[in-house]
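Before any comments, here is the structure.
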Amino acid sequence: MNNKDNEEEVEIEIEIEMEEVVQKKNIVRPQLNLRGAEIQGNYEEKDPTILLPNQSDDISHLALDIGGSLIKLVYFSRHEQDRSKKSLKDTIGSSSFNSRRNILSATSSGGGRLHFVNFETRKINECLDFISSKQLHLGSSEISSGNSATIKATGGGAFKFADLFKEKLGVSIDKEDEMDALVAGANFLLKAISHEAFTHVGGQKEFVQIDHDDLYPYLLVNIGSGVSIIKVDGDGTFERVSGTNVGGGTFWGLGKLLTKCQSFDELLEMSQRGDIKAVDMFVGDIYGGMDYSKIGLSATNIASSFGKAISENKELEDYRPEDLTLSLLRMISYNIGQIAYLNAFRFGIKRIFFGGFFIRGHAYTMNTISNAFNYWSKGEAQAMFLRHEGFLGALGAFLSYEKHGLDDLMPHQLVERFPMGAPYVGGRIHGPPIRDLNEKITWMEKFVQKGTEIIAPVPIVLKGIRDPEGLARSSSKGDALNVGVLHVVPTLEVFPLLADPKMYDPNTFDLSDQAELKYWLTILSEVLPDLVDKAVASEGGTDVAKRKGDGFAHAFSAHLARLMEEPAAYGKLGLANLLELREDCLREFQFVDAYKTIKQRENEASLVVFPDLLMELDSMTEENRLHSVIEGVLAANIFDWGSRACVDLYHNGSIIEIYRMSRNKMCRPWRVDDFDTFRDRVLGSATEKPKPHRRALLFVDNSGADIVLGMLPLARELLRRGTEVVLVGNSLPALNDATAMELLEILTEASKYCDILRKAAEAGGLLMDTTATTMKDHGGCKHTIPSVPLTVVESGCGGPCIDFRQVSSELAAAASDADLVILEGMGRAIHTNFNAHFKCDALKLAMVKNQRLAEKLLKGNIYDCVCRFEPAD
Ligand SMILES: Nc1ncnc2c1ncn2[C@@H]1O[C@H](COP(=O)(O)OP(=O)(O)OP(=O)(O)O)[C@@H](O)[C@H]1O
Ligand SMILES: CC(C)(CO)[C@@H](O)C(=O)NCCC(=O)O
Ligand SMILES: [Mn+2]
């Protein structure tokens, strides 16, 4: 009960105006918006409960799956600002291409976020509180004339608890058939999410790319309290062909009786310290230590689960609960795997997906099911698991809304994020009353801490311990879910110039390689303190900023620790995702742009020497100039706050000194050196002058010298040869990368020193005033300047790499006429896209600022350069 005397505090609106941070890909997401947070219970209590903040999301739909053991919630939120956010083009004014699409995306983007939460069915009141505190039921339904609000629900509880929902929330339940919902959910996940399904063999997850055109028939084995086995032949075409009542409820129920464990996860955790030899009867126990090889059984095969208990003169108390739990888990998992195989065999089906919360992402369970399946099918088929395992029914119910906004979603329109609050189940944390700013921050810290505890790994690992059947055991993850928040961004598109989108994989190295992942996690963790300092300084180093910095450090370390423990926790992860996770985590703590001051300082310093550089270039022959411009891009790429080695360099010199040093060290041949081919394509021979490229897309990397002394002179060179130039910048800050917005500012300044850039920027609609020149072009270039346009577009990215499967619609539109793609920098040209093929000419330019990467990829050394030119086929 709320304490009336303290109503003000109790009902306090928390007003930390968390700057709403523009998130990746046109999404606005206030992660820790505390507005509407409310203390519940007795204010006098030391730690009264505070409900999870009611963020200013516009909840559009809520759907439930109320099963025998768990309630699953899926809800969709749309932030108010999703619809009002101005695109870069709105800022620039008239756009040379695709204004229609931008207007469309700004007004009805249909974007939002899909959240996944679960509760225990026996604690249904917690679930009702959660729904009511976040008002999920109100936005949820179309309240048609005279009728009360309705929400879609499936599972037995949709029947059993309909009256309770009516009474407590005033909503009616619109019942969806459970099997329909399971199948709809599974079909959606398999089609819309890139890495939803995975195999689990020998303790290793491997993600499976599902071919949408070759999905049916498949067998869906949903392991909830009980087990349903469904043969799916198409969208909405299926039959429940079998089931078993020995399922997750059996494990949880029997486990509880045998061990007195009070939570399911505790039970799983305990099983990790168990030994099946204590309870199970082996073939060897029956055959005096021998194999029964005639029928293919070895002495170490389990002959009878729990069979050992017959002959031993022991009571229940004499057994270790750990051993009982493991035997039980093994018995039930194996049995389900075997029944699934029999049904797959019965219908000749090769693709089998296992879902349901019994699996719980638990390695031992998945290994056991896989082994049973593999053994009985003689290796003919492999069990596959689903990341959203337990949410199939709830998702299916969600999709049954007529207007759920997810029609025909494609994988490239979904981006999964892992904010700290996401896995939080139940929505309650404990904290002191909130009276002033200081206490508000404390509250936020508490929230963060709670989130961190929840997603931090449970450090119970018995690495290398195997049971007699060779099943590796690894840790479970406490209360954490393995799914994040799915951001729905309908404006994202596949980059149209990818040669083979189906085969495209942005990442050059596979982080499923343990050593590779460990290396990068260690680097990220080592550079974290420096990043925190930068972030705090970027916000003026105030106490608030410091505490936010602590929060960020805490949260990001927890992500790293979790990934160290459980590499596949966040799905298939490439370096691009890992680096973006860091940026995302900064944004979660409202750090808008950690490198802002550094970027500004470097831009200013570089612009000072820009005119001299142009003068130097213009005194050269065409060929020398082209070489010098490319060399300049490579040399200037040394400015990279993402590279540990370079950051050390910066302490020992000014920007311009380092740039000069870097240039002086440049000598050809570069480690990868296709310059001559590129030169021939651009300049041709003495007798034959080739046609210039029509339009070049320049994916720029860093602010400062990199853009000003590297990429701008290259852009200028192309413009001067009659090639239209589109500079592509990040949508959101990441490290010291130049964002699209910053590119506009930099161009405005640079144009003051260069007629070519100025005229082109005017032609591209970036600059309005044609007469506003303060200086003549220092190059004294005498040719008439072709009036090809220079424009800027945003990439759709908020990280230092680029995944060409998900780019902004602006960029996709700009690509339509382009015949040259230039990728600059380690993130975009090395970590990602080193092996990417395009339909048009591609030039990849980067300095490799990491010794290990240089050795591994190029058999070279740190500071080696890559100039890779790949003409269109
Ligand atoms: N935190 C948890 N609490 C309880 N059970 C859990 C938990 N996590 C996983 N489980 C397991 O998942 C099972 C429930 O899975 P799921 O939610 O898919 O089924 P359900 O919908 O509740 O059951 P049914 O579909 O048979 O009605 C439990 O019986 C238990 O084995
Ligand atoms: C009864 C349901 C469908 C409820 O989800 C499920 O628990 C189940 O499939 N049980 C198995 C029942 C059987 O087929 O023996
Ligand atoms: Mn169910």
Side-chain angles (χ1 to χ4, degrees), residues 63-74 116-124 126-127 153-161 175-186 220-230 238-257 259 261-271 325 328-329 331-333 335-336 339-340 342-343 353-362 364-366 369 385-397 423-426 454 458 476-483:
L64 299 165
D65 172 6
I66 312 174
S69 308
L70 298 173
I71 306 177
K72 281 74 61 179
L73 265 77
V74 170
F116 302 88
V117 186
N118 66 3
F119 295 87
E120 285 187 49
T121 307
R122 61 183 174 153
K123 298 178 186 164
I124 189 160
E126 275 185 13
C127 173
T154 188
F159 295 81
K160 184 172 169 187
F161 298 113
K175 300 174 193 71
E176 270 302 303
D177 176 74
E178 190 179 334
M179 300 299 132
D180 281 332
L182 282 173
V183 171
L220 176 62
V221 184
N222 189 64
I223 319 178
S225 315
V227 184
S228 285
I229 301 182
I230 309 167
F238 64 87
E239 186 189 349
R240 183 182 190 271
V241 291
S242 189
T244 162
N245 44 35
V246 180
T250 321
F251 172 64
W252 178 206
L254 261 180
K256 221 169 130 182
L257 290 177
T259 66
C261 251
Q262 283 312 304
S263 91
F264 178 85
D265 288 324
E266 204 183 323
L267 203 60
L268 278 191
E269 226 177 277
M270 209 155 76
S271 74
T325 320
L328 188 61
L329 182 57
M331 175 177 95
I332 290 169
S333 309
N335 189 54
I336 295 171
I339 294 175
L342 288 171
N343 281 287
F353 299 102
F354 288 83
F357 260 126
F358 166 69
I359 297 167
R360 198 64 182 83
H362 192 62
Y364 184 87
T365 309
M366 293 191 288
I369 292 174
F385 302 91
L386 301 170
R387 287 193 54 232
H388 291 83
E389 52 183 20
F391 289 104
L392 307 184
L395 253 174
Y424 193 66
V425 182
I454 287 162
V458 179
S476 79
K477 306 145 301 301
D479 209 7
L481 286 179
N482 271 349
V483 295

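Just so you know, these numbers come straight off a predicted model, no measurement behind them. Atoms within each ligand, like the ligands themselves, are counted from 1 in listed order.
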Ignoring hydrogens, what is the shortest heavy-atom contact between [X] and [Y]? Give both atom names and the distance.
{"X": "Ser333", "Y": "Phe358", "result": "OG-CZ, 3.6 Å"}
{"X": "Val246", "Y": "Ile332", "result": "CG1-CG1, 4.0 Å"}
{"X": "Gly355", "Y": "Leu392", "result": "CA-CD1, 4.4 Å"}
{"X": "Met179", "Y": "Ser228", "result": "CE-OG, 3.3 Å"}
{"X": "Gly393", "Y": "Ala181", "result": "O-CB, 3.4 Å"}

With heavy atoms of [X] as the reference, note each atom of ligand 1 found under 4.0 Å away.
{"X": "Phe358", "answer": "11 (C), 12 (O), 13 (C), 15 (O), 31 (O)"}
{"X": "Gly68", "answer": "20 (P), 22 (O), 23 (O), 24 (P), 27 (O)"}
{"X": "Gly249", "answer": "29 (O)"}
{"X": "Glu178", "answer": "25 (O)"}
{"X": "Arg360", "answer": "8 (N), 9 (C)"}

| query | Is there at least one pair of N or O atoms, one from Arg240 and one from ligand 2, spaced under 3.5 Å apart? | reply | yes
| query | Between Met179 and ligand 2, does any nitrogen or oxygen pair lie at a separation below 3.5 Å? | reply |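 No: no nitrogen or oxygen of Met179 is under 3.5 Å from one in ligand 2.
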| said: Run Phe391 and Asp65 through side chain to side chain contact (heavy atoms under 4.5 Å, CB included) and show every step you take. | reply: CA-CA 8 Å; Phe391 289 104; Asp65 172 6; over 6 Å; no
| said: Could you check whether any side-chain N or O of Thr325 sits under 3.5 Å from a backbone N or O of Ser271, counting only pairs where one atom can act as donor and the other as acceptor? | reply: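 Looks like no, no N/O pair under 3.5 Å.
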| query | Under the 3.5 angstrom rule, does the side chain of Glu389 hit a backbone N or O of Phe354 as a donor-acceptor pair? | reply | no
| said: Could you check whether any heavy atom of Gly226 sits closer than 4.0 Å to an atom of ligand 1, since that is the contact criterion I want to use? | reply: yes
| task | Return yes when Glu389 approaches ligand 1 closer than 4.0 angstrom through a heavy atom, no otherwise. | result |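 The answer is no, since Glu389 has no heavy atom less than 4.0 Å from ligand 1.
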| task | Indicate, with yes or no, if the rings of Phe357 and Phe264 have centres closer together than 6.0 Å. | result |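 Distance test on ring centres: not under 6.0 Å, no.
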Report yes if some N/O of [X] lies less than 3.5 Å from some N/O of ligand 1; otherwise report no.
{"X": "Gly390", "answer": "no"}
{"X": "Leu70", "answer": "yes"}
{"X": "Lys72", "answer": "yes"}
{"X": "Thr121", "answer": "no"}
{"X": "Gly356", "answer": "no"}
{"X": "Ser69", "answer": "yes"}

| Chi angles and distances behind the side chain to side chain contact (heavy atoms under 4.5 Å, CB included) call for Ile339, Val227 | CA-CA 10 Å; Ile339 294 175; Val227 184; over 6 Å; no
| request: Please confirm whether Lys72 makes a cation-pi placement over Phe116, using NZ or CZ under 6.0 Å from the six-membered ring centre and within 45° of the ring normal. | output: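 So Lys72 doesn't make the cation-pi contact.
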| query | Can a salt bridge be assigned to the pair Lys123 and Glu126 using a cut-off of 4.0 Å between side-chain N and carboxylate O? | reply |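 No salt bridge links Lys123 with Glu126.
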Distance to 0.1 Å, residue and atom name: give those for the protein heavy atom nearest to [atom].
{"atom": "atom 5 (O) of ligand 2", "result": "Glu178 OE2, 2.3 Å"}
{"atom": "atom 11 (C) of ligand 2", "result": "Thr244 O, 3.3 Å"}
{"atom": "atom 15 (O) of ligand 2", "result": "Asn245 N, 3.5 Å"}

| atom 1 (C) of ligand 2 touched by protein (heavy atom, under 4.0 Å) |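 Looking at atom 1 (C) of ligand 2, one finds that no protein heavy atom lies closer than 4.0 Å.
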| field | Location of contacts on Phe251 toward ligand 1, heavy atoms closer than 4.0 Å | value | neither
| Option of least heavy-atom distance to atom 1 (N) of ligand 1 (set: Phe119, Trp252, Phe264) | Phe264
| said: Going by the closest heavy atom to atom 7 (O) of ligand 2, which one wins out of Gly249, Gly226, Ser228, Gly68? | reply: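 Among Gly249, Gly226, Ser228, Gly68, the closest heavy atom to atom 7 (O) of ligand 2 belongs to Gly226.
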| message | Can you see whether Ser225 engages Ser69 through a side-chain donor-acceptor pair at a distance of less than 3.5 angstrom? | response | yes
